[in-house]
Structure formats: structure tokens, C-alpha cells
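Single-structure report; data block below.
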Amino acid sequence: MIKRDVMIYTRYERFWHWSQAVLIFTLFFTGLGIHGTHSLLKFGQAVTIHTTAAYALMALWVFTTFWNFTTGQWRQYLFKKGIIKVIRFYAWGILVGEPHPYKKSLQRKQNALQSLAYMTFMVIIGPALWVTGIAYLFYNEWAGAPWSGDALWGVAVLHTLAAFAMGTFVIIHIYMTTTGKTPLHYVRTMITGYDKVELSEVEEAYLAETKSVEMR
Amino acid sequence: MRRFFPLVGRWLLPLALAIWLPGLAQASSTADHSKFESLKGPFTSAPEVTKACLACHTEASHQVMKSIHWTWDFTNPDTGKRLGKPRTMNSFCGSPLSNEPRCTSCHAGYGWTDARQQPEPVQENVDCLVCHDRSGGYKKVATDAGHPLYEPRMMGGKSVMPPDLAKAAQSVADPGRDNCGACHFNGGGGDGVKHGDLDTSLVKPSRKLDVHMAADGANMTCATCHTFNDHIPSGSRYDTTAKDPHGLDLPKDDHNRATCESCHGDTPHQQAKLNDHTDRVACQTCHIPEFARGGVATKTLWDWSTAGRKDADGKAVFIKDDHGHLSYSAEKGDFQYGENVRPAYYWYNGVTEQVNIGDKIDDSTILRLNTLHGDAKDPKARIWPFKEMRGKQPYDPELKTLVVNHVFGQDDSAFWGNYDYAKSIKFGMDYAGLPWSGKVGFIETRMTWPITHMVAPKEDALKCGQCHTRGEDGRLAQLPGFYMPGRDSIRWLDILGYLALGGALAGVLLHGLARIVMNRKTRHD
Ligand code: HEM
């Protein structure tokens with residue numbers, strides 16, 4: 001086994017991650033403005049920015065879903081065993097210096113807890129936001145229906161609920177990025193794309209030969 | 001289409017309007033009335049002028065006699081109720097009954113001295129000049145049942161000359177703003193008193209006051225929008241078009257241009273989100289942010305209950321405020337006024353229920369003289385701006401009806417002069433042929449006046465955040481029945497949400513602190 005600097009996040013993946021981060025920050029901030037939590041923006045401005053960012057985010061998600069399936073990367077998000085161990089590690093082990101129960105590999109970029117969290121993000125929080133967001137955005141197309149008044153209330157409740165979930169996710173997510181070797185280790189990885197990964201000799205030779213994944 | 005051809009909307013339409021509208025306002029005529037022998041006069045009375053008009057305009061008087069300007073009689077198609085000035089009550093002067101020569105000075109005719117009956121169908125009694133005089137000299141005198149002066153008369157210590165009827169007759173043309181305004185700007189007994197969005201500042205308004213009628217703008221007249229079809233006006237407070245699904249009037253004309261949609265359609269904005277509002281929010285709501293903006297105050301309170309006060313010398317008391325407005329009048333009671341008034345907002349589908357004289361009223365609460373119909377669930381209703389008039393007026397606490405108050409006349413019962421409600425109401429009710437218990441009470445009333453004139457330039461329109469706000473001073477803070485982003489939120493959801501966010505934040509901070517305190521590096525790498 002050899003440790004090598006391997007490109008584990010490709011250029012598209014990093015682009016997707018950071019643009020999604022910016023858009024979600026923007027959406028959360030302007031969304032709370034629309035909601036009335038703060039009044040740092042004029043309502044009209046908040047709506048315009050929120051709508052534009054929402055379109056951008058949805059376009060990004062369409063591309064990313066396509067990318068996930070064509071590259072087979074979607075498998076990274078599948079359920080993994082050992083989640084209890086990971087939770088135990090973050091709750092206690094990390095404080096007393098236990099080793100992380102999971103080893104990063106090219107085929108397993110995420111630990112079990114990460115996979116579950118990202119899966120929740122992708123199949124529950126995200127869709128809840130865009131489904132209700134689109135319904136909200138196109139309210140006028142269904143405003144004529146006799147039930148539209150109550151339904152708008154429902155849409156707003158669900159959208160706001162999902163937004164709070166998203167905000168909570170983001171806070172914890174950002175904190176988790178500080179739990180690497182150094183507080184900024186994971187962030188740096190997501191910027192440069194490279195991380196130290198254990199490779200078998202065969203793997204290393206294969207990657208060196210084929211250049212299918214970049215190594216330093 | 002706007003999205004793909006923004007230029008069409010931005011330049012071509014205003015350009016076309018700029019060329020077309022002044023044309024509408026001052027259509028040139030093929031007849032020069034100053035050249036007609038029959039109009040050279042001299043005329044000794046106004047009906048003589050009408051006779052001369054009718055010699056050519058054979059159908060005009062018949063048409064006018066069918067219009068509400070003549071009949072003061074209108075049956076509301078929605079409620080089936082018979083309305084009109086002689087029977088429908090407001091929170092201002094009361095009833096024209098028994099006060100005719102004063103109140104019928106705004107009748108489009110001459111000599112209607114008994115409003116208990118329809119005006120007599122005498123052709124010459126139709127007043128052509130009040131609408132069509134463009135000499136500016138013709139004027140109905142306030143107290144002569146619709147006639148102008150025919151001889152000089154002392155009024156308010158000054159000798160007033162009669163108008164030159166021949167000059168007026170030769171000047172006739174399409175009505176200007178001042179013609180309609182002679183009555184409609186002065187409803188309720190004075191300039192701007194009644195509506196709040198109609199007063200003499202609209203004779204020559206600036207663009208800031210009224211984009212449509214601005215003399216240096218489109219220079220539209222009242223009739224540009226209030227289309228007349230055979231002398232029948234369109235646009236009504238009794239039967240309002242609260243939403244005009246017909247939209248643009250061309251190429252398919254509904255002969256009623258008295259809605260904004262008639263010219264602007266129902267998707268007039270560049271921004272789609274703004275157009276999304278037009279189905280539930282009247283144009284006026286955003287585009288008339290305040291009324292009475294022209295420097296003329298409108299009456300906002302009229303309390304009849306205090307009328308009749310005299311000073312130590314037995315002289316009737318009249319008090320003026322700092323702006324020179326009567327704040328107290330022995331003849332009428334207490335007044336309050338407002339300028340640049342922020343409207344009240346209600347759902348409105350155009351159906352209004354009016355209180356008529358003689359109707360049983362509920363005196364256990366404030367009496368609404370006109371109840372607006374429509375709510376958030378009603379697809380025909382939109383949010384409209386209103387002037388809310390507060391009143392307190394005499395009523396019969398036993399029979400529970402409003403009463404006719406005889407205010408005007410040279411007799412010993414008229415309130416103006418005798419200051420005795422018992423006498424004046426007895427006279428009024430007897431005259432109207434209505435039962436009265438002999439008791440006088442005062443009931444607090446409210447009346448809502450739809451605001452639709454004084455459309456401001458678009459840069460002065462309401463901003464999104466003036467309604468979409470949590471603030472208690474939000475324009476729609478009081479309007480129930482619907483969810484509005486920015487104003488509404490759900491308490492449990494907010495508590496839950498902020499607890500989750502706060503909890504997560506506190507959790508990670510504590511966890512981070514614990515990591516620092518324990519000060520051990522994980523062996524994870
Ligand atoms: C994914 C696509 C999204 C769409 C299409 C969308 C659309 C919308 C729309 C149309 C509104 C109402 C604005 C208005 O009043 O006109 C809204 C409000 C809001 N949005 Fe989004 N949004 C999206 C994503 C997000 C995200 C990611 C967040 C937060 C992380 C968020 C948070 C909010 C909040 C808090 C509100 C205020 C809700 C209220 O008070 O009623 N949205 N969104």
C-alpha cells in the first residue's frame with residue numbers, strides 16, 4: 001500500500017460544488033429576506049436575485065444529475081454499512097483521538113454518514129426546494145383554481161421548512177469540513193481536487209500507465 | 001411578445017399613445033359653432049340655448065334624459081336595488097330631498113325643484129352648456145335648481161354677473177376637465193370634499209399628480225376614459241368594473257374605456273412578476289400611492305352631532321384651522337381634512353350594497369353606508385384602494401332608519417339658519433313621506449370611495465416592500481384571507497426553523513470547543 005496524491009474531485013465536480021455553494025448561500029440569504037427574517041435587501045431585489053439564482057441552481061442540478069449518471073459517480077452516494085461507527089466517531093472518538101473508522105479510496109470517496117447526508121440532500125431537501133420553488137414561482141399559472149389560496153400557504157410552508165433544513169444542513173456541513181487532518185484540509189482538497197489516498201501497487205501502476213486519474 | 005420585442009413595448013407604444021391620445025382629447029370638428037346664425041343670440045334664458053342646440057342635434061335631449069346625469073336613478077344590476085341621489089345615503093350632506101334648489105344645482109338640467117319625482121321630460125330643460133361650454137364663462141348658480149344667473153346678484157358681499165349665454169353657445173365642443181369638474185370636483189359641497197381623487201387640481205394637473213390628464217402629457221379629458229355612448233357615460237361607483245377581463249379595447253371594443261385595462265391590457269409590465277399581480281391587485285392600488293395630492297384637501301370626517309353651536313352672543317360659531325379650512329361649522333358640525341392621504345385597502349369585486357333612506361339599519365355598531373363585496377376567495381375580486389370617510393349623522397333610534405334633514409331654504413325649519421334638528425328633520429321626513437318617531441340620535445358611519453384618479457408616474461408607484469413586509473405599517477397589514485410572502489409566516493414553523501438553525505450552530509460550536517479543549521489530534525489522515 002502506497003499513499004499518493006490523487007485527483008479525487010475532478011474539475012467538473014469542484015465547479016459544481018462551489019457554484020452550488022454560492023447559489024445556495026445566495027438563495028438562503030435572499031429567501032430569508034423574502035421571508036421577512038431580515039430586511040437587508042429590498043423585497044423586490046430579494047425576489048429578483050432569488051429567482052435568478054434558483055434558475056441557475058436548477059440548471060446546475062440538471063447538468064450534475066447528467067454528470068452523475070454518465071460518469072457512474074452516483075454510486076458514491078449509495079447506502080454504506082458502518083454508519084453507527086462513523087456517528088460514534090464524531091460524537092466521541094474524534095475527541096479522544098481514535099482513528100477514523102473509514103479509509104478514503106478512489107471507489108469510496110465518502111464515508112457512510114456522508115453518503116447518507118448527501119443522499120438526503122439530493123433526494124429530499126433539494127427536490128423539496130425545487131418542487132415547491134417551481135410551484136411558488138409559477139403560482140399564477142394555477143392561481144385560478146379554487147384551492148389555490150390554501151395550496152399557496154402549503155407551498156410556502158413546505159418551501160420554508162425545506163429551506164430551514166437546508167440551512168441546518170449547510171451549518172453542519174461546513175463544520176464537518178474542519179474535522180480533517182487540519183481544519184482547512186478538506187476545503188483545500190475541494191479546491192485543488194487532490195487528496196492523499198492509499199493505493200495498492202497494482203492500482204498505482206494502472207493509474208500511472210493509463211493516466212485515467214491524475215496523480216502527483 | 002414583450003420578452004422578444006422589448007422595443008415595441010418600450011418605445012413604440014408610448015410613441016403611438018403620445019400621437020394618438022392628444023388627438024382623442026381634442027378631436028377637431030367639421031362644424032364651427034361660432035358661425036351659426038342660430039347661436040348668435042341674444043338668449044334670455046339657458047333653456048333657449050338648449051332649444052337652439054336641439055334644432056340640429058335632434059336626438060341629444062332624448063339621449064341625455066336616459067342618462068344618470070339626468071335621471072339620478074340607477075338600478076344596480078347585481079343587487080337589484082334602486083339607487084340614485086334622491087334615495088341613496090352618504091356620509092356628507094344627507095339627502096337632496098327638501099333641499100332641491102341647492103342640491104339640484106348639479107343636475108344636468110333646469111328647474112328640478114322636487115326630487116321626489118323624476119324631472120319633467122321637457123326637452124329644453126336639458127342643460128347642454130354645463131358639459132359643452134368651452135368659453136369657461138357658463139356656470140350654474142349654487143341655489144337655483146340648475147339655472148345659471150340671469151341677472152347680477154349679490155353673493156358673499158360681491159355682485160356676481162350672469163354668464164354670456166351667446167358666447168357660451170358659440171363655444172361648444174367636447175367637454176373639458178373643467179366641465180365635468182364643475183360638479184364632480186365639488187361633490188359634498190366644496191372643492192375635493194367628497195372623492196379625494198377628484199378636485200380642481202385636476203383642471204391643470206402636473207405629470208406628478210396625474211400622468212393621464214397632465215396638460216404637458218397626454219392631456220386626456222375625463223371622457224377619454226369615461227367613454228360616452230349616446231350621452232350615456234361609462235364607469236360607475238354604483239356598479240364598478242373591479243376587474244376588466246376584456247382587456248385591451250382594440251381591436252374588439254367594449255365601448256367602456258373607464259378601466260385601466262382598456263388601454264393597458266392586463267399584462268402591462270416589463271417584469272413578469274409584476275404582471276402576476278394584475279389578477280388580484282387593481283392597478284390603482286400600486287399606481288395611486290396617495291390621493292388628494294394636488295394641494296386640495298379632502299374631507300375625512302364629518303360629525304353632524306356637534307352642529308348648531310352658538311357663542312355667548314347667540315351667534316352661530318364657525319372655526320377655521322391653520323390651513324383656512326372650516327374645522328367647525330354651526331351649520332354642519334365638526335370636520336377633518338387630509339392631503340396626501342394613504343388609502344385603505346379592501347377586496348372588491350365591483351358589487352356594492354348601499355344604504356337607502358328608509359332602510360332598516362343596525363345601530364349596534366358603526367354603520368357602513370356602502371358595503372363592498374368580494375374577498376380573497378372570490379376570483380372576480382381584486383385589492384382596491386379606497387378613501388375611507390368617517391361620519392356621524394342623524395338617525396331615528398326608534399325606527400332605525402337614517403333621516404332626511406332639511407337644511408336649505410328660506411323657512412323657519414331649515415337647519416341652516418334655525419339650528420334645530422327636531423324641526424328640520426320633521427320637515428324633511430314629512431316632505432319625503434317617511435315615518436319618523438320624533439327622536440334624533442347620531443350614528444357613526446363609514447363610507448368607502450374607490451380611488452381611481454390621480455394616477456402617479458410609475459417611479460412613484462408603490463414598491464414591493466410596502467406590502468410585502470412584516471411591519472405593522474405595511475399597506476396590506478390588515479387585509480385577511482390570503483398568504484403573502486414577506487408579510488405572513490407561520491409561528492410554529494419559524495420557531496422550529498430558528499431552533500434548528502440555532503441548535504445546529506450551538507451544537508457545532510460546542511463540539512468544536514470540545515475538540516480544542518481535549519486538544520488531541522485525531523489519528524485520521
Ligand atoms: C431550487 C430552486 C428554488 C426555487 C425555484 C425557489 C423559488 C422561490 C420562490 C418563487 C419564492 C417566493 C418568492 C416570491 O415571493 O415571489 C421563494 C421564497 C423562499 N425561498 Fe426559494 N427557491 C428555490 C431554492 C431555495 C433555496 C435553496 C432556499 C434556501 C436555502 C430557499 C429559501 C427560500 C425562502 C426562505 C423563501 C421565503 C418563503 C416565504 O417566506 O414564503 N429557496 N423561493
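Here is how names work: the chains are called A, B, and so on, in the same order as the sequence lines, proteins then strands, and each is numbered from 1.
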I need the [X] [atom1] to [Y] [atom2] distance, nearest 0.5 Å.
| X | Y | atom1 | atom2 | value |
| --- | --- | --- | --- | --- |
| Tyr498(B) | Leu32(A) | OH | CG | 6.0 Å |
| Leu496(B) | Leu161(A) | CG | CG | 6.5 Å |
| Ser489(B) | His35(A) | OG | NE2 | 5.0 Å |
| Met166(A) | Leu501(B) | CE | CG | 12.5 Å |
| Lys377(B) | Ser148(A) | NZ | OG | 8.5 Å |
| Ile94(A) | Met518(B) | CD1 | CE | 11.0 Å |

[atom1] of [X]: more than 12 outside heavy atoms within 6.0 angstrom?
| X | atom1 | result |
| --- | --- | --- |
| Lys80(A) | NZ | yes |
| Arg491(B) | CZ | no |
| Trp92(A) | CH2 | no |
| Phe63(A) | CZ | no |
| Lys463(B) | NZ | yes |

Taking C-beta and beyond as the side chain, do [X] and [Y] meet within less than 4.5 Å on heavy atoms?
| X | Y | answer |
| --- | --- | --- |
| Phe482(B) | Trp153(A) | no |
| His277(B) | Asn140(A) | no |
| Ile34(A) | His468(B) | no |
| Tyr483(B) | Val155(A) | no |
| Val508(B) | Ile174(A) | no |

ask   = Could you walk me through whether Thr48(A) and Lys273(B) pass the side chain to side chain contact (heavy atoms under 4.5 Å, CB included) check?
value = CA-CA 9 Å; Thr48(A) 306; Lys273(B) 211 28 157 210; over 6 Å; no

Checking heavy atoms, do the side chain of [X], its backbone, both or neither come under 4.5 Å from chain B?
| X | answer |
| --- | --- |
| Thr37(A) | both |
| Phe28(A) | side chain |
| Thr51(A) | neither |
| Ala163(A) | neither |
| Val170(A) | neither |

ask   = In terms of ring plane angle, is the pair His511(B) and Tyr175(A) parallel, tilted or perpendicular, where the classes change at 30° and 60°?
value =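 Taking Tyr175(A) first and then His511(B), their aromatic rings stand perpendicular (interplane angle over 60°).
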
Does any backbone or side-chain atom of [X] lie under 4.5 Å from a heavy atom of chain A? Answer side chain, backbone, both or neither.
| X | result |
| --- | --- |
| Pro379(B) | neither |
| Ala376(B) | neither |
| Asp276(B) | both |

Who among [options] has the most heavy-atom pairs with chain A under 4.5 Å?
| options | value |
| --- | --- |
| Gly503(B), Ala500(B), Gly507(B) | Ala500(B) |
| Asp488(B), Leu509(B), Ile490(B) | Ile490(B) |
| Gly502(B), Ala504(B), Gly497(B) | Gly497(B) |

request  = Tell me, out of Val157(A), Leu152(A), Thr160(A), who's got the most heavy-atom pairs with chain B below 4.5 Å.
outcome  =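 Winner by heavy-atom pair count: Val157(A).
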
inquiry  = Quick check on the interface: out of Tyr90(A), Tyr139(A), Tyr136(A), who has the most heavy-atom pairs with chain B under 4.5 Å?
reply    =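 So the answer, after comparing Tyr90(A), Tyr139(A), Tyr136(A), is Tyr136(A).
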
key: For Gly44(A) against Cys464(B), the heavy-atom pair lying closest together   =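 That closest heavy-atom pairing would be CA-SG, 3.7 Å.
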
